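Below is one structure, written out as structure tokens; the observations come after it.
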Amino acid sequence: MSKPIKSSEITPEALYLSRRRFIKNTLTMAAVSLYLSACGNQSPAGPTAQPTDSLPLPSAGASVDELGNTLTSYDDIIGYTNYYEFSTDKNGPTRLAQNFKTSPWSVEVGGYVNNARSFSIDELKSLFDQEERIYRMRCVEAWSMVIPWVGFSLHKLLEIVEPTSDARFVRFETLYDPDQMPGQRNSFFPFPYIEGLRLDEAMHDLTIMATGLYGRDLSPQNGAPLRLVVPWKYGFKSIKSIVKIDLVGEMPTSLWMASGPNEYGFYANVNPNVPHPRWSQATERRIGEGGRIDTLLFNGYEEEVAYLYDGMDLSIDF
Ligand SMILES: Nc1nc2c(c(=O)[nH]1)N[C@H]1C(S)=C(S)[C@@H](COP(=O)(O)O)O[C@H]1N2
Ligand SMILES: [Mo]
């Protein structure tokens, strides 16, 4: 093995900094992860979980996250999705979203801000460096993936519009267009899809707006052209195809809070100790791999985000 690559060469600055925090606390795992990154394609999970060869690899060819988890293959990420605007089948959106029109596209940012305005996708891409973030994604249904997203931290966008002192929450809204999104005719769900974050969660550096994955633009079924990714929360918080972002004073009511009020509430932080009413959240199935693995508190981002919930009882506020 040649001399190890410095982690600053493997990951963008922000992830490098968060990785340094991981190293402080989980030296062994981080060292294993860095070793594996430095050595290219070796992975603890074996050859079946490798990214497809012909597709672009994430920057510097990283094949694992900071905990040593193998990246989910590109084919699995685009072939197994949750996107109820198109279908409730995992492979339905892959087919049904194929002709979804993602250009032109703009997102309206307003509410309690000093500079309300709309941004085109091209503007967002040129205003903010697009960086890669390798994040675990844990669906509330107890499956998970490891995804190399491309995007930018949401706080950069919020800093431009300048939230006023009345802003306490951020509300996100997906496109409403039943002609293009046949699932929106399903009257069980109160479309458009709405999600929300507390302002401090939205300002956290790990919270990103994703424009791509595996070094490519997002596929329609993964939420093109612009989606939220909040890696320490269940996947349903990471709302797709966003057209509107509002800074608001009251906690927004999400689509899931409205349609399943006895399931999860606003926070939906990944927590192995709080079961879903119908199943345990203690373990998860990593797509593309066999068996089950333990689910981690805050999806493994506890060191980064636990302070946001100081003084809250996570067995009540979930
Ligand atoms: N607008 C919208 N956003 C959504 C969903 C959806 O149905 N509609 N599904 C959510 C759920 S349940 C999960 S697990 C993730 C899945 O992201 P992926 O399909 O890109 O893996 O998207 C979330 N964002
Ligand atoms: Mo999900």
Side-chain angles (χ1 to χ4, degrees), residues 71-98 100 102 105 107 133-151 171-178 180-186 188-197 207-214 216-245 252 254-260 263-264 268-271 276 278-279 281 284-288 295 299 318:
L71 299 191
T72 303
S73 75
Y74 184 74
D75 287 346
D76 279 339
I77 296 170
I78 65 169
Y80 188 97
T81 60
N82 266 339
Y83 204 167
Y84 281 21
E85 283 86 339
F86 290 98
S87 166
T88 53
D89 293 337
K90 299 292 186 253
N91 58 3
T94 310
R95 185 169 38 86
L96 292 163
Q98 224 162 65
F100 181 60
T102 57
W105 190 282
V107 56
R133 297 285 183 97
I134 299 174
Y135 285 162
R136 298 170 289 288
M137 197 192 60
R138 169 62 157 79
C139 176
V140 74
E141 299 162 336
W143 54 267
S144 64
M145 297 189 180
V146 184
I147 303 179
W149 300 106
V150 177
R171 179 185 180 278
F172 304 85
E173 189 173 319
T174 294
L175 178 70
Y176 182 70
D177 184 356
Q180 286 205 82
M181 298 170 136
Q184 287 182 331
R185 300 194 198 280
N186 179 343
F188 181 77
F189 295 105
F191 290 112
Y193 200 103
I194 304 293
E195 262 306 339
L197 295 173
T207 302
I208 61 167
M209 300 298 296
T211 56
L213 61 85
Y214 266 107
R216 305 180 150 192
D217 283 346
L218 280 181
S219 75
Q221 61 269 33
N222 291 106
L226 185 72
R227 72 174 296 172
L228 180 70
V229 181
V230 194
W232 70 94
K233 292 177 179 285
Y234 288 117
F236 64 79
K237 296 294 289 184
S238 293
I239 177 174
K240 297 178 173 182
S241 305
I242 296 168
V243 291
K244 207 161 175 292
I245 300 176
S254 68
L255 173 136
W256 292 109
M257 288 161 75
S259 60
E263 300 198 353
Y264 286 90
N269 293 314
V270 174
N271 190 338
H276 184 275
R278 297 191 298 280
W279 60 83
Q281 296 290 22
E284 65 199 55
R285 179 172 61 94
R286 189 59 53 75
I287 299 299
T295 288
N299 204 22
F318 54 80

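Just the heavy atoms: all of them, side chains too, but no hydrogens, waters or symmetry mates, feed the values below. Atoms within a ligand are numbered from 1 in the order they appear, just like the ligands themselves. This is a predicted model, so every value here is computed, not measured.
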So OH of Tyr234 and NE2 of His276: to nearest 0.5 Å the spacing works out to 9.5 Å
Worksheet item: Can we say Glu263 and Arg278 salt-bridge, meaning some charged N sits less than 4.0 Å from an Asp/Glu carboxylate O?
Response: yes
Ion pair present between Lys90 and Glu141, side-chain N to carboxylate O less than 4.0 angstrom? yes
Practice problem: Kindly determine whether Arg138 and Glu284 satisfy side chain to side chain contact (heavy atoms under 4.5 Å, CB included), including the steps that lead there. | Solution: CA-CA 8 Å; Arg138 169 62 157 79; Glu284 65 199 55; 3.0 Å; yes
Side-chain H-bond candidate by donor/acceptor type, Tyr193 with Trp256, under 3.5 Å:
yes
message = When you measure from the centre of the six-membered ring of Phe191, is the NZ or CZ of Arg185 closer than 6.0 Å and no more than 45° off the axis?
response = no
Tabulation required: pairs of a nitrogen or oxygen in ligand 1 and a protein nitrogen or oxygen under 3.5 Å; columns are atom names and distance to 0.1 Å; otherwise 'none'.
residue, atom, partner, partner atom, Å
ligand 1, 1 (N), Glu85, OE2, 2.9
ligand 1, 1 (N), Thr174, OG1, 3.1
ligand 1, 3 (N), Lys240, N, 3.1
ligand 1, 7 (O), Tyr84, N, 2.7
ligand 1, 8 (N), Glu85, OE1, 2.8
ligand 1, 9 (N), Asn82, O, 3.2
ligand 1, 17 (O), Arg227, NH2, 3.2
ligand 1, 19 (O), Asn82, N, 3.2
ligand 1, 19 (O), Lys240, NZ, 2.7
ligand 1, 20 (O), Asn222, ND2, 2.9
ligand 1, 20 (O), Arg227, NH1, 2.7
ligand 1, 22 (O), Arg227, NH2, 3.3
ligand 1, 24 (N), Ser238, O, 2.9

